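Worksheet: the structure to be examined is printed underneath.
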Amino acid sequence: MESDTEEKISKTVFLEGLDPRLLFGQNDVFLRTIEKTFLPSIIARGDKIIIEGKPDEVEQVVNLFRDLISRLGQGAYITEQYLNYAMEMVKEGGEGPAELIGDYQLPNGGPRRPVRPKTIGQKVYLDAIEENDIVFSIGPAGTGKTYLAVAMAVASLKNHSVNRIVLARPAVEAGESLGFLPGDIRAKVDPYLRPVYDALHEMMPADKIKKLIELGAIEILPLAFMRGRTLNHTFAILDEAQNTTPAQMKMFLTRLGEGTRAIITGDITQIDLSDKKSSGLVVIQRILTGIEGIKFIYLSDKDVVRHPLVQKIIRAYERFEKSRRKE
């Protein structure tokens with residue numbers, strides 16, 4: 001009964017010259033999502049939004065709209081993913097993520113828009129890459145670990161901070177053996193390297209990638225092919241590092257030469273080695289902690305930027321694993 005008689009308030013948010021369609025989404029889909037999530041009455045009239053409801057609900061929605069307006073002011077677009085992320089942040093802490101993410105962007109040189117961090121975790125990740133020579137990015141699928149690493153590598157190549165990019169992956173997938181795949185060695189390893197190619201094609205035109213590969217400015221290879229090499233003035237990326245052994249991880253890290261930077265990415269919840277505890281990415285966290293110039297970044301399900309259901313799937317698996325451990 002108390003909730004029925006609780007005093008309601010009304011507040012107004014001004015659009016500050018923004019196109020309402022960018023804020024509300026196609027056919028007002030974002031507006032309906034906000035109403036459904038926070039339960040206030042939202043009325044859009046011209047260049048203002050009138051929000052009416054319980055004080056705490058109204059305050060949250062006002063903060064949300066201010067965050068979305070700030071995000072648009074940074075030159076970014078509001079997506080379903082960003083809206084869900086901002087709503088979750090507002091519910092938890094009262095403020096949205098736009099100001100913390102900022103207007104940071106990387107030119108990708110391709111047909112798409114510049115690369116921007118989409119979550120606070122991604123912004124922390126990019127800051128760590130700029131400030132450290134070696135960065136470990138550990139987190140679940142869909143958090144942009146590889147994508148952002150490749151974006152930073154391409155940017156470094158474009159501004160001549162490095163002379164080449166080397167992208168490596170362990171050729172291990174779900175216990176399958178390369179020997180059972182048909183074709184020559186290239187045909188055997190290419191399927192394992194395809195996600196790296198995909199990320200690269202997001203940044204650069206295909207013809208330019210082909211030319212840079214032919215010139216040796218970009219190398220994409222299985223991790224085993226790096227043994228015995230020294231990488232100077234290189235941006236090196238080791239992807240899917242959870243599937244390395246400790247010896248392979250040591251081998252990769254000791255390839256780094258003068259003027260070289262490295263990013264190591266992986267998801268320790270998806271280890272395909274028979275002995276998961278012997279993953280090089282698991283072990284290395286105990287070995288290199290506290291060394292200046294080396295940074296560990298941990299992304300979470302909040303940083304997932306794929307389909308909204310991916311975040312829910314990851315959380316469901318986490319709950320399942322916790323319940324299984326208790327049993």
Side-chain angles (χ1 to χ4, degrees), residues 3 6-16 18 22-25 29-42 49-105 116-131 137-145 148 295-319 322:
S3 61
E6 185 176 346
E7 180 184 359
K8 292 186 177 182
I9 65 171
S10 176
K11 285 195 174 184
T12 301
V13 175
F14 293 92
L15 299 185
E16 301 174 9
L18 291 173
L22 297 176
L23 188 63
F24 301 152
V29 62
F30 294 161
L31 197 61
R32 291 197 300 271
T33 299
I34 295 169
E35 282 185 311
K36 183 178 179 181
T37 302
F38 292 95
L39 302 178
S41 169
I42 304 175
I49 307 167
I50 302 170
I51 304 142
E52 182 178 310
K54 298 176 184 177
D56 57 339
E57 293 174 351
V58 170
E59 196 63 35
Q60 286 183 327
V61 174
V62 167
N63 288 342
L64 175 63
F65 276 119
R66 286 174 178 165
D67 180 85
L68 298 178
I69 290 170
S70 177
R71 186 64 173 163
L72 288 170
Q74 293 168 355
Y77 286 88
I78 304 301
T79 62
E80 181 184 5
Q81 179 274 327
Y82 182 83
L83 176 62
N84 289 332
Y85 180 58
M87 289 192 299
E88 187 171 357
M89 291 288 294
V90 167
K91 278 189 169 184
E92 288 184 0
E95 300 293 335
E99 293 302 317
L100 290 174
I101 294 174
D103 57 1
Y104 184 103
Q105 66 179 42
R116 299 175 181 271
K118 297 179 180 179
T119 69
I120 296 171
Q122 288 191 349
K123 177 60 166 56
V124 171
Y125 177 27
L126 291 173
D127 287 343
I129 296 172
E130 289 194 334
E131 297 167 4
S137 178
I138 301 172
T143 51
K145 301 183 299 296
L148 293 176
K295 186 75 172 180
F296 286 86
I297 298 297
Y298 296 91
L299 301 174
S300 71
D301 57 83
K302 290 182 181 179
D303 299 299
V304 171
V305 293
R306 290 181 183 168
H307 192 288
L309 284 176
V310 172
Q311 187 180 76
K312 295 179 181 179
I313 290 168
I314 291 170
R315 290 177 176 175
Y317 268 98
E318 288 176 349
R319 290 193 298 269
K322 285 180 181 179

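Computed from a predicted structure; not experimentally measured.
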Could you give me the CA-CA distance, side-chain angles and deciding distance for D56 and Q60, then say whether side-chain contact (heavy atoms from CB on, under 4.5 Å) is met? CA-CA 6 Å; D56 57 339; Q60 286 183 327; 5.7 Å; no
Results of side-chain hydrogen bond (donor to acceptor under 3.5 Å, both in side chains) for K123 - residues two or more places apart only: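 Expected list: D127.
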Would T143 and D303 count as having a side-chain donor-acceptor pair, cut-off 3.5 Å?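 D303 and T143 do not have a side-chain donor-acceptor pair below 3.5 Å.
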Check: D67/Y82 side-chain N/O donor and acceptor closer than 3.5 Å: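 Present: a donor and an acceptor within the cut-off.
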Minimal non-hydrogen separation, [X] against [Y], with atom names:
X	Y	value
P40	I51	CB-CG2, 4.1 Å
A98	S70	CB-OG, 3.9 Å
P117	I101	O-CG2, 3.4 Å
S10	I50	OG-CG2, 3.5 Å
A86	L68	CB-CD2, 4.4 Å

Taking NZ, NE, NH1 and NH2 as the nitrogens, is one of them in E59 or K11 under 4.0 Å from a carboxylate oxygen of the other?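 Looking at K11 together with E59, the answer is yes, because their closest N to O distance falls below 4.0 Å.
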To the nearest 0.5 Å, what is the distance between [atom1] on [X] and [atom2] on [Y]?
X	Y	atom1	atom2	result
L100	I120	CG	CD1	4.5 Å
I49	T12	CD1	OG1	9.5 Å
T79	F30	OG1	CZ	6.5 Å
F65	L23	CZ	CG	5.5 Å
L72	L18	CG	CG	5.5 Å
Q122	I297	CD	CD1	12.0 Å

Evaluate side-chain contact (heavy atoms from CB on, under 4.5 Å) for E80 paired with N84, printing each intermediate quantity in order. CA-CA 6 Å; E80 181 184 5; N84 289 332; 3.7 Å; yes
Might you work through the side-chain contact (heavy atoms from CB on, under 4.5 Å) test for F14 and I69, ending with a clear yes or no? CA-CA 9 Å; F14 293 92; I69 290 170; over 6 Å; no
Name the orientation class of the two ring planes belonging to Y298 and F296 (parallel below 30°, tilted from 30 to 60°, perpendicular beyond 60°).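 Parallel: the ring planes of Y298 and F296 meet at under 30°.
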My understanding is that only residues two or more places apart in sequence, or in another chain, count here; which of them pass side chain to side chain contact (heavy atoms under 4.5 Å, CB included) with D103?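 Listed in chain order: Q74.
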So does V29 get a backbone contact from the side chain of T33, meaning a donor-acceptor N/O pair under 3.5 Å?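 Answer holds: yes.
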Check whether any side-chain N or O of R71 sits under 3.5 Å from a backbone N or O of L83 as a donor-acceptor pair, and report yes or no.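 Checked: no pair found.
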Would you say that T119 contacts P97 through its side chain, given a criterion of any heavy-atom pair below 4.5 Å between the two side chains?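 No, side chains not in contact.
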Could you tell me whether K54 sits above the aromatic face of F38, with NZ or CZ closer than 6.0 angstrom to the six-membered ring centre and within 45 degrees of the axis?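 That pair does not qualify as a cation-pi contact.
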Derivation and outcome, side-chain contact (heavy atoms from CB on, under 4.5 Å), residues Q81 and K118: CA-CA 9 Å; Q81 179 274 327; K118 297 179 180 179; 3.9 Å; yes
